[in-house]
Amino acid sequence: MIKVTKELIKELAEDIMLEISDEEAEKVYQTEEKIRNEFLKVTNMNVDGIDPMHYPFDVVNTHLREDENPVTITKEQMMINAPSKDKDYVLIKKVVK
Amino acid sequence: MDKLLSANIKTVFQFLIDGRITVSELISNTLEKAHRLKKYNAFITLTENEAQQRAQQSTQRYKIKKPLSELDGIPIAIKDNFCTSNIKTTCASRMLSNFIPTYNATVYERLITAGAILIGKTNLDQFAMGSGTVDSVSGPAKNHWMYNENNDNFYISGGSSGGSAISVATGTCFAAIGSDTGGSTRNPASYCGLVGLKPTYGLVSRYGLIPLVNSMDVPGILTRTVDDCVVVLNCVAGFDPKDSTSLTKPYRKIRLPSVNKLSIKNLKVGIPNEYHCEHLDEEVLDVWNEVAKLLECNGAKIQQVSMPHTEYSIVCYSILNQCEVASNMARYDGIEYGFRAKEDASTEKLFATSRSLGFNEVVRNRILTGNYFLLTRNYDKYFNQALRVRRLIVQDFDEVWENVQLLLTPTTLTTAPLYEDFVQKTNRDQCALQDYCTQPANMAGIPAVTLPIKLSSKGMPISLQIMGKNLSEPMLLALAKYIENAVQFKHCTEI
């Protein structure tokens with residue numbers, strides 16, 4: 001198991017596209033350490049033969065929709081929330097010089 | 001008018017039917033009150049134009065004696081993490097501060113179809129990640145109980161649906177929709193002296209609720225009375241093809257008996273030992289004992305039960321919450337919608353800066369922590385392990401239901417804390433303490449309701465929680481109504 005360090009947290013932040021300060025990395029480190037310590041009692045539990053439970057009920061989804069075009073938003077509706085746009089296009093700044 | 005705003009839905013409906021008041025007058029007064037009580041910061045957006053327009057239509061329907069339902073013309077509020085078409089939905093965040101959904105959440109759609117009138121979108125912790133409504137870009141929601149304008153300190157509203165709770169508790173509206181992932185409806189309902197229902201997972205559609213933890217999120221209902229809660233539940237519950245986790249079993253509307261016909265004789269109520277835990281306030285414990293005794297004296301069979309995995313629930317909940325948050329928050333990149341930073345060094349830098357400035361520290365912390373637990377080397381040790389223990393927690397409940405029909409517990413370990421005390425703790429520590437009694441119901445998907453019992457020596461509401469097995473809402477709410485009638489809690493709405 002790789003030891004958790006502030007450097008690892010900063011590396012992880014970069015991977016998931018978040019910018020964090022050293023001070024914030026320290027806080028995240030403390031949160032993780034606290035949870036990991038509290039989780040020790042859970043780690044040590046014997047759960048042999050117990051399957052993970054992703055949803056509260058083990059119910060098989062039986063109501064998949066028909067394979068038809070579902071209601072989607074129109075292009076005009078979609079563009080309402082674009083931070084920057086030009087007619088039908090969402091704009092971002094040119095990043096290739 | 002203030003008295004009418006404090007009444008229950010049935011009474012107001014009768015006033016509207018009788019023509020003693022029009023919907024337009026009711027809505028005008030409601031909006032005036034919302035403005036007057038801005039100091040509590042319950043609302044992020046007031047939907048005045050929308051409300052007045054719908055009020056006119058509703059007034060016309062009453063004129064021709066054709067209201068759509070008993071909710072027609074009734075002012076309601078909705079937490080600002082439910083999508084409302086053409087109405088800003090911010091999640092109390094900078095990231096979505098200008099986001100205008102193009103569709104309605106199913107709960108909202110069903111309410112307006114029944115004629116209910118939205119007066120505003122309510123305050124919450126950013127993306128519903130909190131238990132105090134203190135982490136909103138709009139500022140904290142303030143509890144109206146024991147509020148002193150001359151004092152900067154105040155009691156928190158609880159959270160994350162604090163704005164919804166304040167809007168109902170002050171009599172600004174008759175019902176509000178919150179969301180409940182680990183207790184976010186029940187916690188503020190408890191602190192503000194309201195009825196707060198977390199329905200069975202899948203009974204009420206999540207469609208249009210901006211997700212926090214998909215496997216635990218449910219829309220919740222906040223009202224002043226149990227009967228009002230039933231009216232709203234009957235409107236919003238039932239299968240929704242737009243939500244793949246919606247229960248397909250047809251919903252049968254609940255009809256609670258009148259108070260004089262309610263009987264709890266031989267009702268088996270469990271008192272779980274594990275909820276008598278560290279940090280449980282003496283006054284809350286006393287109230288818990290008093291109500292258990294009250295039920296026993298009236299014919300219920302009270303029984304101590306044990307749920308041994310409860311003590312592991314909160315830490316497993318923390319892990320699962322952060323892992324699902326990490327996944328859900330990946331969609332926000334500031335390109336198609338949401339906050340975008342002024343950054344042009346590279347596409348990656350644009351994403352990273354937008355996300356870092358668009359989210360607050362609590363959200364960033366949870367995303368990072370969740371991603372850490374989801375790393376390949378940690379996945380089984382933390383995420384899968386928490387999911388296995390989740391099954392044991394669910395099994396605890398299943399075993400208990402073999403002996404009792406309902407469980408009676410505290411909702412929160414204490415009454416509402418003062419803001420200055422609350423913010424001394426980290427968000428994680430706040431939630432670990434505040435959600436202790438409420439989050440097991442989310443882990444198991446079962447229904448739970450909180451209701452106010454009495455005031456503490458400091459004048460703050462003390463509430464209790466009732467939990468039942470899946471789809472036991474009729475029994476759960478019947479017991480809540482019985483207790484409500486027995487304790488006669490006095491609300492504080494006429495401000």
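Note that this is a predicted model, so its numbers are computed, not measured. So that the names make sense, note that chain A is the first sequence line, chain B the second, and so on, each numbered from 1. Atoms considered below: every heavy atom in the structure, side chains included; atoms not considered: hydrogens, waters and symmetry mates.
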- Query: Stepwise, does the side chain to side chain contact (heavy atoms under 4.5 Å, CB included) test hold for I92(A) with L350(B)?
  - Reply: CA-CA 9 Å; I92(A) 60 168; L350(B) 173 64; 4.3 Å; yes
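- Note that CG of L247(B) and CZ of F57(A) are 6.0 Å apart. Values are rounded to the nearest 0.5 Å.
- The CD atom of E76(A) sits 11.5 Å away from atom OG1 of T102(B), with the distance rounded to the nearest 0.5 Å.
- When all heavy atoms are compared, the tightest approach of Y372(B) to E32(A) is CB-OE2, 3.0 Å.
- Taking non-hydrogen atoms and a 4.5 Å limit, the residue list of residues 319-332 of chain B in contact with chain A, ordered by number, reads I319(B), Q322(B).
- Pairing each heavy atom of P56(A) with each of R390(B), the nearest pair is CD-NH2, 3.5 Å.
- We find the OG1-CD distance between T369(B) and E33(A) to be 12.5 Å, quoted to the nearest 0.5 Å.
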- Task: Before giving the answer on side chain to side chain donor-acceptor pair (under 3.5 Å), spell out for T43(A) and Q385(B) the whole-Å C-alpha distance, their side-chain angles and the decisive distance to 0.1 Å.
- Result: CA-CA 7 Å; T43(A) 311; Q385(B) 184 75 358; 6.0 Å; no
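- Closest approach of L387(B) and H54(A) over heavy atoms only: CD1-CE1, 3.3 Å.
- Of the listed residues V389(B), V315(B), L375(B), L357(B), the one with more heavy-atom pairs under 4.5 angstrom with chain A than any other is V315(B).
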- side chain to side chain contact (heavy atoms under 4.5 Å, CB included) between R36(A) and Y382(B), worked out: CA-CA 9 Å; R36(A) 279 185 290 116; Y382(B) 292 104; 3.0 Å; yes
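- By number of non-hydrogen pairs under 4.5 angstrom with chain B, the leading residue of I35(A), I9(A), I73(A) is I35(A).
- Of the residues considered (I367(B), N214(B), N384(B), T353(B)), T353(B) shows the highest number of contacts with chain A, using heavy-atom pairs under 4.5 Å.
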- Message: salt bridge (Lys or Arg N to Asp or Glu O under 4.0 Å), that's the test. Do K85(A) and E336(B) meet it? Break it down for me.
- Response: CA-CA 9 Å; K85(A) 58 195 161 190; E336(B) 295 92 350; over 6 Å; no
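- The candidate with the highest count of non-hydrogen atom pairs below 4.5 Å against chain B, out of V90(A), L91(A), L18(A), is L18(A).
- Ranked by heavy-atom pairs under 4.5 Å with chain B, the list I20(A), T74(A), I16(A), T31(A) is led by I16(A).
- Between the R391(B) side chain and the D51(A) main chain, a donor and an acceptor come within less than 3.5 Å of each other.
- Here the side chains of H309(B) and M45(A) are in contact, with some heavy-atom distance below 4.5 Å.
- Each of S354(B), P101(B), G338(B), G445(B) has some count of heavy-atom pairs under 4.5 Å with chain A, and the biggest count is that of G445(B).
- Per-residue heavy-atom pair counts under 4.5 Å with chain A were compared for I446(B), N442(B), D333(B), D429(B), and the maximum is reached by D429(B).
- Salt bridge annotation for E19(A)-R355(B): absent, with no cationic side-chain nitrogen under 4.0 angstrom from a carboxylate oxygen.
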- From CA spacing to verdict: side chain to side chain contact (heavy atoms under 4.5 Å, CB included), Y312(B), F39(A): CA-CA 8 Å; Y312(B) 308 114; F39(A) 202 69; over 6 Å; no
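- Atom-to-atom distance recorded for S318(B):OG and K34(A):NZ is 10.5 Å, nearest 0.5 angstrom.
- If you take OG1 on T426(B) and NZ on K27(A), they are separated by 10.0 Å, rounding to the nearest 0.5 Å.
- Using a 4.5 Å cut-off between heavy atoms, F339(B) does not touch chain A at all.
- Contacts of T200(B) with chain A are made by side-chain atoms alone, with heavy-atom separations under 4.5 Å and no backbone atom involved.
- Side-chain contact between M53(A) and V394(B): present, with at least one pair of heavy atoms (C-beta onward) separated by less than 4.5 Å.
- Taking CZ of R428(B) as the start and CD of Q30(A) as the end, the distance is 13.0 Å to the nearest 0.5 Å.
- The minimum heavy-atom distance between R340(B) and S84(A), with the atom names listed, is NH1-CB, 3.5 Å.
- More than 12 heavy atoms of other shown residues, nucleotides or ligands fall within 6.0 angstrom of atom CD in E26(A).
- With a 4.5 angstrom heavy-atom cutoff, N371(B) touches chain A via backbone and side-chain atoms both.
- When heavy atoms are compared at a cutoff of 4.5 Å, Q77(A) approaches chain B by way of both its backbone and its side chain.
- Counting non-hydrogen atoms of neighbouring residues, nucleotides and ligands closer than 6.0 angstrom, the CG atom of N86(B) reaches no more than 12 such neighbours.
- Contact record, E311(B) with K41(A): O-NZ, 3.7 Å, taken as the closest heavy-atom pair.
- Within 6.0 Å of atom NZ in K469(B), 12 or fewer heavy atoms from other residues, nucleotides or ligands are found, so the atom counts as exposed in its surroundings.
- The shortest heavy-atom contact between I335(B) and P83(A) is O-CD, 3.0 Å.
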